[in-house]
Amino acid sequence: MDITLSHPQKSALKVPVGQILVNKRWRGSSVSKELDLSECRTMFTDGLGFIDFFPADSFAVLYITEAELLTPKSFTERTKLLAKDYSNRGVILVDVCRSPGYQELQDLAAIEHNLSVFPISNQNEIPRILQALMHAEIRQSSNPFKTSAPELGDMGQVQMSLLKKIPGIGDKSAQKLLSSYGSIKSISEISQERLETKIGKADAAKVYNYFRKRISS
């Protein structure tokens, strides 16, 4: 797929509730076919520029391939654009398979620009993560009188949704981890023993093994 560095058109950014905006370059892909089979509705558009997906008004999502991790200039430019245009609302899904570029991406995105980076093993994981982000906004907006909750674009909301995609991890454990360690990047670097003190042995093993499987070299 050809990747552009152009900015999204403002007219293309309104995301109807229950729908996901998808960059037209994904049309015909396995990801688009899987989304078509899900409960959400997809809208393909050529106005998203360098963004791959908008699962909600609050979230802008990039997908970084393993091949891009081998050419830092490619993911650096897209990451900086995401941080500039969607500060505190940007999510990066990265295809990781023992690539040395992963740590560089993490440092750039999570540390320098406060973006949320989440490793996936292949494109088949993208649809369920997009659906989780879409549902996060629907749940948040379902009660217009609830003023105490964090804003939809807060990274805490994004990272909660992503952490809960780890098999077997629910709201309680995800919340404890984020309250204790602050970000997915920090959680991915914590020892299993320290995780156990927060969420118990069973959930700690699930979280630890999930990230070791994706980022170990």
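The first residue of the sequence shown is numbered 1, and numbering continues consecutively from there.
With values rounded to the nearest 0.5 angstrom, Ile20 atom CD1 is found 8.5 Å from Leu133 atom CG. Atom OG in Ser188 sits 11.0 Å away from atom OH in Tyr210 (nearest 0.5 Å). Distance CG/Leu163 to CG/Asp171: 11.0 Å, rounded to 0.5 Å. The OG1 atom of Thr45 lies 9.5 Å from the CZ atom of Arg27; values are rounded to the nearest 0.5 Å. Ser74 OG to Ile64 CD1: the interatomic distance, rounded to the nearest 0.5 Å, is 6.5 Å. The CD1 atom of Ile199 lies 8.5 Å from the NZ atom of Lys176; values are rounded to the nearest 0.5 Å.
For Val117 against Ala109, the heavy-atom pair with the smallest separation is CG2-CB, 3.4 Å. Counting all heavy atoms, side chain and backbone alike, Asp46 lies closest to Lys24 at CB-CD, 3.2 Å. Considering all non-hydrogen atoms of both residues, Ile166 and Phe118 come closest at CG1-CZ, 4.4 Å. Contact detail for Tyr63 and Asp95: the closest heavy-atom pair is OH-OD2, 3.2 Å. Taking both residues in full, the closest heavy atoms of Phe50 and Arg78 are given as O-NH2, 3.2 Å, listed atom of the first, atom of the second, then distance. Summarising the geometry of Asp203 relative to Gly168, their closest heavy-atom pair is OD1-O, 3.8 Å, with the distance given to 0.1 Å.
Between Lys33 and Asp36, no side-chain nitrogen of the basic residue sits less than 4.0 Å from a carboxylate oxygen of the acidic one, so the salt-bridge criterion is not met. A salt bridge links Arg128 with Glu125: the closest approach of a Lys/Arg side-chain nitrogen to an acidic carboxylate oxygen falls below 4.0 angstrom. With salt bridges taken as basic N to acidic carboxylate O contacts below 4.0 Å, one links Arg25 and Asp52.
The closest side-chain heavy-atom distance from Phe75 to Leu62 is not below 4.5 Å. Side-chain contact between Val61 and Pro55 is present, with heavy atoms from C-beta onward closer than 4.5 Å. Residues Tyr181 and Leu195 meet the side-chain proximity criterion, which asks for heavy atoms closer than 4.5 Å. Counting heavy atoms from C-beta outward, Ile126 and Leu35 have side chains that stay 4.5 Å or more apart. A 4.5 Å side-chain heavy-atom check between Leu82 and Ile51 finds at least one atom pair inside the cut-off.
A donor-acceptor contact shorter than 3.5 Å links the side chain of Ser32 to the backbone of Ser29. Of the possible donor and acceptor atoms, none in the side chain of Thr79 sits under 3.5 Å from a partner among the backbone N and O of Thr76.
In this pair, Trp26 and Phe53 present their aromatic rings tilted. The plane angle is within the 30 to 60° band.
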I would like to know whether Ile169 and Lys206 meet side-chain contact (heavy atoms from CB on, under 4.5 Å); could you show each step before the answer?
CA-CA 8 Å; Ile169 298 303; Lys206 295 171 186 175; 4.3 Å; yes
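Legend: residues meeting side chain to side chain donor-acceptor pair (under 3.5 Å) with Ser180, ordered by chain and number and at least two apart, are absent.
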